[in-house]
Amino acid sequence: MGRLIMNELIQRAARDIAGSGYTIALTGAGMSTESGIPDFRGPQGVWTKNPEAEKRAYRGYQDFLQDPGRYWKERLTSSTGALGELGAREPNPGHHALVELEKMGLLKCTITQNVDALHERAGTRHLLEYHGSFAKLRCVSCNARFRRDEFDLERLMREDRLPPRCSKCGGIVKGDTVGFGEPIPEDVANQSLEEAWKCDLMLICGTSAVVYPFANLPRIARQKTREAQREAAGSLAAMGRVPVVTIIEVNAEPTPLTQDGVSDYIIQGKTGDVLPAIAE
Ligand code: NAD
């Protein structure tokens, strides 16, 4: 993308966000590649380079369902996962820029697919971790979240008392990250839907938008406008009252949202460059 066009689009996005009533951000793995965490489907992605790793990833939740105790033992004894040592990574300028927009009162909510906890560490306050967080555990019965250090997992393993049990309801506790085939926890799923309905601007950062149901959120926001337009068709006065949703993508490459006309425009570049420029 030419620098002139890029600068114009950054200006346009800044104006759109400043003029919006309720901006939310949706983020994906591309947001964290500049923190040294590979994405899955980008040109250097874990699965682009190693399709076998994708097949293995599909098994994790099934293993948990079959035998939660064994799932835990394997987790505690295996080496680090496909994304490496997430606790050692730091938020990058893209994460910090979203915090700035939130502090300005413009960004109301960040919904992330990332499990790396970098938005939380950067200081985002209203955060929905759609696929959970590697730094937390979750009760599969009541959805209570726990910090990892609230359990002495090594001791539970030594004493053959895995899986851990929820201190609130006694349910089985698993890692908070959502595996393939695992339902999105009801609380974050519902809150995310509400946010998608409520927003008038959606800033979508670093996601290939092919993982569902997350990828439905922009489509729902777009659908909302289209339905209202259909209902108002024929009446100029009613058309004037139709809520307009602006959907902006910041991504290294076009996505199905770009191709299907779900987003209004894409700023093709790195989130670590583009988001700070928008915030500035
Ligand atoms: P994805 O890997 O499918 O797509 C990432 C997208 O971001 C690609 O389109 C890529 O071109 C783009 N991208 C890469 N670096 C970028 C940058 N610096 N700036 C702008 N764009 C960039 O990721 P996804 O859509 O989030 O789906 C992957 C799933 O895997 C998610 O559900 C997520 O839970 C999980 N995941 C998480 C992490 C993490 O927590 N950091 C990392 C990998 C995968």
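The figures that follow rest on heavy atoms only: side chains count, while hydrogens, waters and symmetry mates do not. Indexing begins at 1, ligand by ligand and atom by atom, following the structure's order.
Remark: ligand 1 atoms within the under-4.0 Å shell around heavy atoms of Thr33 are 14 (C), 15 (N), 16 (C), 17 (C), 18 (N). Close approach of ligand 1 to Gly269 is summarised as follows: ligand atoms under 4.0 Å from at least one heavy atom of the residue are 19 (N), 20 (C). Remark: ligand 1 atoms within the under-4.0 Å shell around heavy atoms of Pro38 are 42 (C), 43 (C). Listed by number with element, the atoms of ligand 1 under 4.0 Å from a non-hydrogen atom of Gly206 are 5 (C), 6 (C), 7 (O), 21 (N). Heavy-atom proximity to Gly28, at under 4.0 Å, picks out these atoms of ligand 1: 26 (O). With ligand atoms numbered from 1 in the order given, ligand 1 contributes 8 (C), 9 (O), 10 (C), 11 (O) to contacts under 4.0 Å with heavy atoms of Glu253. Under a 4.0 Å criterion applied to the non-hydrogen atoms of Ser32, ligand 1 contributes the atoms 41 (N). Residue Ile37 has at least one heavy-atom neighbour below 4.0 Å for each of these atoms of ligand 1: 41 (N).
Salt-bridge check for Arg222 with Asp264: passed, with a basic side-chain N closer than 4.0 Å to an acidic carboxylate O. Electrostatic pairing of Lys73 and Asp160 counts as a salt bridge here, judged by a charged N lying under 4.0 Å from a carboxylate O. Ionic pairing of Arg138 and Glu182 is present here: one or more N-O contacts between side-chain nitrogen and carboxylate oxygen are shorter than 4.0 angstrom. Glu159 has a carboxylate O that lies under 4.0 Å from a charged side-chain N of Arg155, or vice versa, which qualifies the two as a salt bridge.
Regarding atom 5 (C) of ligand 1, its nearest protein heavy-atom neighbour is Asp39 OD2, 3.6 Å. The single protein non-hydrogen atom nearest to atom 36 (N) of ligand 1 is Phe40 CE1, 3.9 Å, given as residue, atom name and distance. Annotation: atom 21 (N) of ligand 1 to nearest protein heavy atom, Ala252 N, 3.0 Å. Nearest protein heavy-atom neighbour of atom 19 (N) of ligand 1: Thr271 N, 3.0 Å. Considering only non-hydrogen protein atoms, atom 16 (C) of ligand 1 sits nearest to Gly30 O, 3.3 Å. The shortest contact between atom 40 (O) of ligand 1 and any protein heavy atom is with Val115 N, 2.8 Å. Looking only at protein heavy atoms, the nearest one to atom 34 (O) of ligand 1 is Gln113 O, 2.5 Å. Atom 41 (N) of ligand 1 has its closest protein heavy atom at Asp116 OD2, 2.7 Å.
Among the candidates Asp176, Ile37, Leu86, the single residue satisfying the side-chain contact (heavy atoms from CB on, under 4.5 Å) test with Val115 is Leu86. With Pro163 as the fixed residue, the side-chain contact (heavy atoms from CB on, under 4.5 Å) test singles out one of Leu137, Leu156, Val173, Ile172: Ile172.
The side-chain heavy atoms of Asn114 and His131, taken from C-beta on, include no pair separated by under 4.5 Å.
In this model, a donor atom of one side chain and an acceptor atom of the other lie less than 3.5 Å apart for Ser35 and Asn92. Thr255 and Glu249 share a side-chain donor-acceptor pair at under 3.5 Å. No donor-acceptor contact under 3.5 angstrom links the side chains of Asp16 and Thr246, judged on distance only.
In terms of heavy-atom proximity, Asn251 sits nearest to Ile266 at CB-CD1, 4.0 Å.
Residue Glu34 has at least one N or O atom closer than 3.5 Å to an N or O atom of ligand 1. In terms of polar-atom proximity, defined here as any N/O pair under 3.5 Å, Val211 makes no such contact with ligand 1. Remark: ligand 1 and Val250 share no N or O pair separated by less than 3.5 Å (distance only, no angle test). Close N/O approach between Thr255 and ligand 1 is not found [any backbone or side-chain N/O within under 3.5 Å]. Taking any N or O of Ala29, backbone or side chain, at least one lies under 3.5 Å from an N or O belonging to ligand 1.
With hydrogens and angles ignored, the 3.5 Å screen pairs no side-chain donor or acceptor of Arg70 with any backbone N or O of Asp63.
Only the side chain of His131 comes within 4.0 Å of ligand 1, counting heavy atoms alone; its backbone N, CA, C and O stay farther away.
Within 6.0 Å of the CD atom in Gln259, the count of heavy atoms belonging to other residues, nucleotides or ligands exceeds 12.
Linking Ile, Leu, Val, Met, Phe, Trp and Tyr residues whenever their side-chain heavy atoms come within less than 4.5 Å leaves Leu127 and Leu26 in two separate clusters.
For atom 6 (C) of ligand 1, the nearest non-hydrogen atom from the set Gly272, Pro254, Ser208 belongs to Ser208.
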